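Worksheet for the structure shown next.
All chains are named by letter (A, B, ...) in the order of the sequence lines, taking the proteins before the strands, and each is independently numbered beginning at 1. Keep in mind that the numbers below use all heavy atoms, side chains included, and drop hydrogens, waters and symmetry copies. All values derive from a computational prediction rather than experimental measurement.
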Amino acid sequence: MKKYDPKTLEPKWQQIWAETKLYEVDNDAQNKEYVLDMFPYPSGAGLHIGHVRNFSISDTYARYQRQHGKRVLHPMGWDAFGLPAENYAIKTGTAPQISTKQNTDNFRRQMQTLGFSYDWSREIDTSAPEYYRWTQWIFLQLFEMGLAYQAENLQWWCETDQTVLANEQVEAGKCWRCGNPVTKKPLKQWFFKITDYADQLLDGLDDLDWPEKIKLMQRNWIGRSVGAEISFELLDASFEKKIDVFTTRIDTLGGATFLVVSPELANTWLEAGWQADDEVKKYILDSLKKAEIDRQDTAKEKTGVNTGLNAVNPLTKTNIPVVVADYVLGGYGTGAIMAVPAHDERDYEFAQKFKMPIVEVIEPVLTQTTGSATFRHNEPAQDSHGVIALIKHWSQDKYIGLSWPDAGWGTLLTGGIDEGLTAEQTVRKEILEETGFRNIKVLRQIGTIHSKYYHEPKKANRFGHAPTFYVELENGERDQVSEDEKQKHEIKWLTKAELEGFLTATSHAQAVKMFEGQVYNGEGILKNSGDFSGQESALAREKMTTKFGRERVNYKMRDWLISRQRYWGAPIPIIHCPKDGAVAVPADQLPVELPELKDFQPSGDGRSPLAKVKDWLEVGCPKCGGPAQRETDTMDTFACSSWYFLRFINPHDDVQAWNKNDVDAWLPVDTYIGGAEHAVLHLLYARFWTKALRDSGHLNFDEPFKSLRNQGLILASDGRKMSKSLGNVIDPLDLINEGYGADALRLYELFIGPYDQTVAWNPNGIDGTKRFLNRVYAIVQEHLSQDSGFRIQDSESSLETALAIATNKTIKKVTVDLESYGFNTAVAAMMELVNEMYKLKVDLPLGSDAWRDNFKLLVQILAPFAPHITEELWQQLDGEGSVHISTWPAWDENLVKDDLVTIVLQVNGKVRSQIEIEAGASEDAVKKLAAADENLNRHLQGKTVIKTIFVPDKLVNYVVK
RNA sequence: GGGAGAGUGGUGGAAUGGUAUACACGGCGGACUUAAAAUCCGCUGCCUUUACGGGCUUGUGGGUUCGAGUCCCACCUCUCCCACCA
């Protein structure tokens with residue numbers, strides 16, 4: 001009998017598939033399915049285990065769709081531009097063109113070894129001139145639309161190394177390589193105006209079938225915030241008349257006791273002629289030199305300096321000082337803020353340190369959002385007045401908490417204010433009544449807390465207003481507390497930490513925070529705000545925006561800086577002319593090809609090595625014909641990957657980037673699979689380009705990826721990330737060479753756990769899937785070695801039915817699971833079927849037509865997971881053509897339905913016995929049969945059955961006393 | 001600091017509110033073998049019982065329910081993302 005030998009079987013079929021072009025599709029997009037992998041950067045290390053997981057998921061899905069008669073486009077290519085190849089070139093002198101070619105050849109070979117069903121006729125390489133020609137063409141489209149622009153920007157520059165440094169490469173103001181101080185140099189950079197699309201990028205997310213997590217990350221990244229811009233009059237300054245600030249809390253304007261200006265904005269004042277003190281100048285210039293990383297260290301103490309300038313608070317009309325501090329960012333909003341230390345932690349921290357005034361303007365309003373007291377927003381609320389008191393023990397650092405056993409509440413001491421009593425009198429009265437304590441040492445109001453909640457006993461919303469007090473007891477002397485009060489609640493002495501978990505009402509928890517002096521940054525009722533005092537935040541914001549400022553929307557997202565002073569990228573197709581400025585390279589002159597180089601060192605003047613290639617650099621201006629120079633920056637590699645999914649449609653078209661009709665028919669991508677690490681880079685950029693190209697009329701759709709799935713990471717068996725330096729890397733090709741084969745490896749990676757979950761590699765796990773494939777192969781060989789065509793005995797027909805039932809149930813399970821990416825459970829189901837087949841073959845002789853039919857069904861549903869072995873077995877079982885284009889089997893609903901079901905008998909919810917009965921049996925029939933059950937009766941003996949719960953085909957639960 | 005997700009045997013994991021621990025790894029036992037490997041078969045959460053059976057168990061503590069791994073509340077732990085964005 002033949003043995004399962006993936007080493008000979010797999011290459012054989014890979015060759016046949018290639019020769020028959022089994023996985024190639026033409027551009028007829030009828031009944032199409034575009035299944036796309038995030039294409040890889042072809043590193044020198046080759047494919048890793050994580051790639052295999054990614055590609056196995058998409059390949060299984062693509063094959064499954066193909067077996068459903070879909071025309072599946074499943075292409076692969078190379079994101080080939082990038083730093084590693086260039087650094088390798090600097091080190092070894094090997095041109096990136098050469099090392100990249102070696103790497104892509106290696107990747108392709110490895111992928112073919114794994115048997116993925118890619119249409120290799122559509123392979124693309126972003127570093128090939130026939131590809132980046134069109135990347136450049138798209139750049140020019142954006143340039144024409146005004147979406148690509150140049151702006152002068154400060155860049156880190158190391159004089160010693162003669163190079164530009166990335167922000168991350170500057171440590172404490174020094175170059176990470178040589179340790180010498182770096183300076184900032186103004187350099188012209190290219191940007192894409194992605195911010196123009198901020199709202200569209202945000203809104204478009206709603207309709208995408210993407211993981212919520214990724215959508216949320218994009219939302220946060222875009223960071224839309226709606227607020228107001230206010231102008232503060234700047235006094236006695238010749239260089240500037242006003243300071244604009246952006247705030248989302250204009251309702252706290254009354255508490256704005258100073259303004260903070262970013263060093264970047266202050267620097268523009270210096271340039272405009274501000275005669276600042278030396279100390280101020282020094283602070284500004286030093287701040288600008290600091291690495292972003294240091295400035296953004298939230299752990300460090302706030303720094304800043306008073307400018308001596310004053311501005312006017314438009315609400316209070318008072319003069320407030322203007323300071324410069326680096327905790328305000330130059331690049332966000334207006335680069336200046338109004339500081340409200342009472343209601344912003346950062347401002348509070350600064351004010352504390354620099355002794356700035358702190359004015360409270362918001363009294364907290366807490367809205368109950370949990371439990372039975374949850375405020376009902378659509379119902380009216382009634383005002384109520386009461387007090388809250390935080391009462392401290394006379395000798396210990398403990399406080400009174402009231403535990404309400406009936407309601408399940410934990411509160412501080414609280415009570416309503418009676419007619420004629422002041423709040424303070426109420427506190428004294430309540431303390432005596434509810435706790436009995438007689439002597440009070442300290443009684444101090446710490447604020448007022450408002451709360452919106454639902455009053456369960458009264459069945460109505462309440463808007464409570466409570467002066468809040470801190471009380472310290474003198475001693476433990478106390479009166480008797482009435483039985484009535486004792487019934488309601490119990491007094492507990494708790495530490496502050498214990499109180500935190502104990503208090504169920506958010507307003508009471510707020511009282512503790514208030515006592516501790518915590519900054520309140522929530523919603524509330526205004527005070528110390530002139531005419532606006534007494535109003536609620538939300539309404540006050542509207543009115544104050546109209547009166548003092550104007551509405552403004554800000555985004556965290558910045559324009560996309562795409563120029564790189566690097567060689568190994570797509571050259572930016574621009575020519576700089578002294579007369580005409582930045583001029584687009586005419587489309588018929590594309591591509592602007594990368595010249596061949598011998599020396600890959602950067603030019604030394606902040607430009608890429610391209611600046612050294614004189615005959616490439618010097619060109620005539622396309623407009624005036626005069627002498628001009630090419631742009632020497634190349635594009636960020638993310639530009640190349642922002643449209644590759646379009647190029648797969650017409651990969652070899654040399655007159656256009658794509659054929660609009662073809663692309664409109666195939667796109668958007670139906671299923672996109674890749675890692676979550678691209679959440680806010682590639683996935684955002686690709687969406688932006690698609691929207692821009694829609695606006696330029698080149699596309700008819702504006703979202704490139706309809707459905708997205710992220711595969712989880714695979715960690716080493718020690719639970720750490722696989723890395724060369726840790727020596728815990730598993731090489732997929734090694735496993736194949738060891739004889740496991742591609743099928744067993746792919747199957748294991750699908751079986752290892754839910755596709756989107758991070759899992760640790762189990763070195764023995766692959767033995768399990770290899771064993772499973774062995775068993776499948778072996779049982780089919782045994783079957784084939786039997787005489788075929790014999791008639792079965794009557795006694796065997798029920799076994800044949802059992803076989804058909806097992807197979808059909810598995811077909812259903814695998815089908816349903818695959819629809820929801822349940823690869824691991826689908827594999828488990830097929831393992832169960834094979835285990836069942838091994839049991840059945842003991843009494844049901846192999847070799848019959850029935851066996852052959854069932855084996856063929858098994859082979860068909862296993863095919864997407866293990867393409868080689870199934871193709872071989874399909875052929876051995878006389879299947880027609882390739883199993884991979886055979887029709888996915890349907891299950892027979894009659895065989896899947898159970899005739900007999902097991903009914904569980906429970907007593908008070910505990911399983912006591914089980915009985916078998918025909919499916920659909922009535923409650924009476926089930927109970928009648930159950931009445932004879934010995935174990936059940938033992939548990940029912942001497943008990944009264946109060947009621948029974950009957951769930952058809954599932955259980956009977958006897959509730960007894 | 002903010003946000004998101006996750007905690008189930010020795011391990012990876014399974015389970016529309018209805019028999020928790022499917023499937024697999026590992027372990028133990030048996031068959032085959034001169035022997036080993038491979039293969040095939042069986043057992044494998046914990047405690048208790050000769051056995052039938054009984055008790056406990058899904059991070060912890062509460063709650064809802066006839067019934068909770070699953071729903072609600074609080075807490076603990078871990079992972080990921082963002083992080084002075086006003």
Identify whether any heavy atom of A/Arg912 sits under 4.0 Å from a base atom; if not, whether one sits that close to sugar-phosphate; answer base, sugar-phosphate or nothing. sugar-phosphate
Starting at CD of A/Gln518 and ending at C1' of B/G1, how long is that distance when rounded to a whole Å? 12 Å
Quantified in whole Å, what is the C1' atom distance between nucleotide B/U60 and nucleotide B/G54? 27 Å
Under a 4.0 Å heavy-atom criterion, the protein footprint on nucleotides 8-30 of chain B, written with B, S and -, is ----BSS-B-BBS-BBSSS----
Between A/His343 and B/A86, is there a side-chain N or O to OP1/OP2 distance below 4.0 Å? no
Please give the distance between the P atoms of B/A4 and B/C73 as a whole number of Å. 13 Å
Distance check, P atoms only: B/A35 and B/U48, in whole angstrom units. 38 Å
Could you state the atom-to-atom distance from CD of A/Glu301 to C1' of B/C84 in whole Å? 14 Å
Could you check how far OH of A/Tyr332 sits from P of B/A83, rounded to whole Å? 13 Å
Salt-bridge test for A/Arg219 and A/Asp206: reply yes if a basic N is under 4.0 Å from a carboxylate O, no otherwise. yes
What integer number of Å spans the P atoms of B/U79 and B/G13? 16 Å
B/G9 glycosidic torsion: syn (within 90° of 0) vs anti: syn
If I take atom CG from residue A/Leu708 and atom CD1 from residue A/Ile214, how far apart are they, to the nearest 0.5 angstrom? 6.5 Å
Can you check the A/Trp221 CH2 to B/C82 P distance for me, whole Å? 7 Å
Not counting sequence neighbours, which residues clear salt bridge (Lys or Arg N to Asp or Glu O under 4.0 Å) with A/Arg746? List them please. A/Asp59
Spacing of A/Phe232 atom CZ relative to B/A86 atom C1', expressed in whole Å: 12 Å
Span that lies between the C1' atom of B/G69 and that of B/A22, in whole angstrom: 15 Å
A/Arg775 has a side chain; which of B/G54, B/C40, B/G42 sits nearest to it? B/C40
Could you tell me how the ring of A/Tyr821 sits relative to the ring of A/Tyr755: parallel (under 30°), tilted (30 to 60°) or perpendicular (over 60°)? tilted
Interatomic distance, A/Lys302 NZ vs B/A86 P [rounded to whole Å]: 14 Å
Here's a test of your reading of the structure: between A/Asn935 and A/Asn774, which maps to the more 5' nucleotide of RNA chain B? A/Asn774
Is the A/Phe258 to A/Phe354 ring centre distance short of 6.0 Å? no
What is the distance, rounded to the nearest whole Å, between atom CE of A/Met217 and atom C1' of B/A4? 10 Å
Mind checking what makes salt bridge (Lys or Arg N to Asp or Glu O under 4.0 Å) contact with A/Glu916, not counting sequence neighbours? none
For A/Asn220 and B/A4, is the shortest distance between a side-chain N/O and OP1 or OP2 below 4.0 Å? no
Tell me every residue that passes salt bridge (Lys or Arg N to Asp or Glu O under 4.0 Å) with A/Glu923, counting only those two or more places apart in sequence or in another chain. A/Lys927
Under the rule for salt bridge (Lys or Arg N to Asp or Glu O under 4.0 Å), what residues qualify as partners of A/Lys492, not counting sequence neighbours? none
Charged N-O contact under 4.0 Å between A/Glu212 and A/Lys215: yes
Any side-chain N or O of A/Thr948 less than 4.0 Å from the OP1 or OP2 oxygen of B/C66? no
Can you run through RNA chain B from 5' to 3' and write each base as (, ), [, ], | or . depending on how it pairs? Watson-Crick or G-U wobble, both distances under 3.5 Å. (((((((..(((.....[....)))((((((.......))))))((((....))))..(((((..]....))))))))))))....
Roughly how far apart, to the nearest Å, are B/U11 and B/C46 at atom P? 12 Å
Looking only at atom C1', what distance separates B/G17 and B/U64, rounded to whole Å? 12 Å
Take a 6.0 Å sphere around NZ of A/Lys353 and say whether it holds more than 12 heavy atoms from other residues, nucleotides or ligands. yes
Distance, C1' atom - from B/G5 to B/G9, rounded to whole angstrom: 24 Å
Run the salt-bridge test on A/Lys841 and A/Glu782 with the 4.0 Å N-O cut-off and return the result as yes or no. yes
Could you check A/Met338 against A/Arg938 and say which one's nearest nucleotide on RNA chain B is further toward the 5' end? A/Arg938
Rounded off to whole Å, could you give me the CG-to-P distance for the A/Leu936 and B/G53 pair? 14 Å
Which nucleotide sits closest to the side chain of A/Tyr838: B/C41, B/A4, B/C66? B/C41
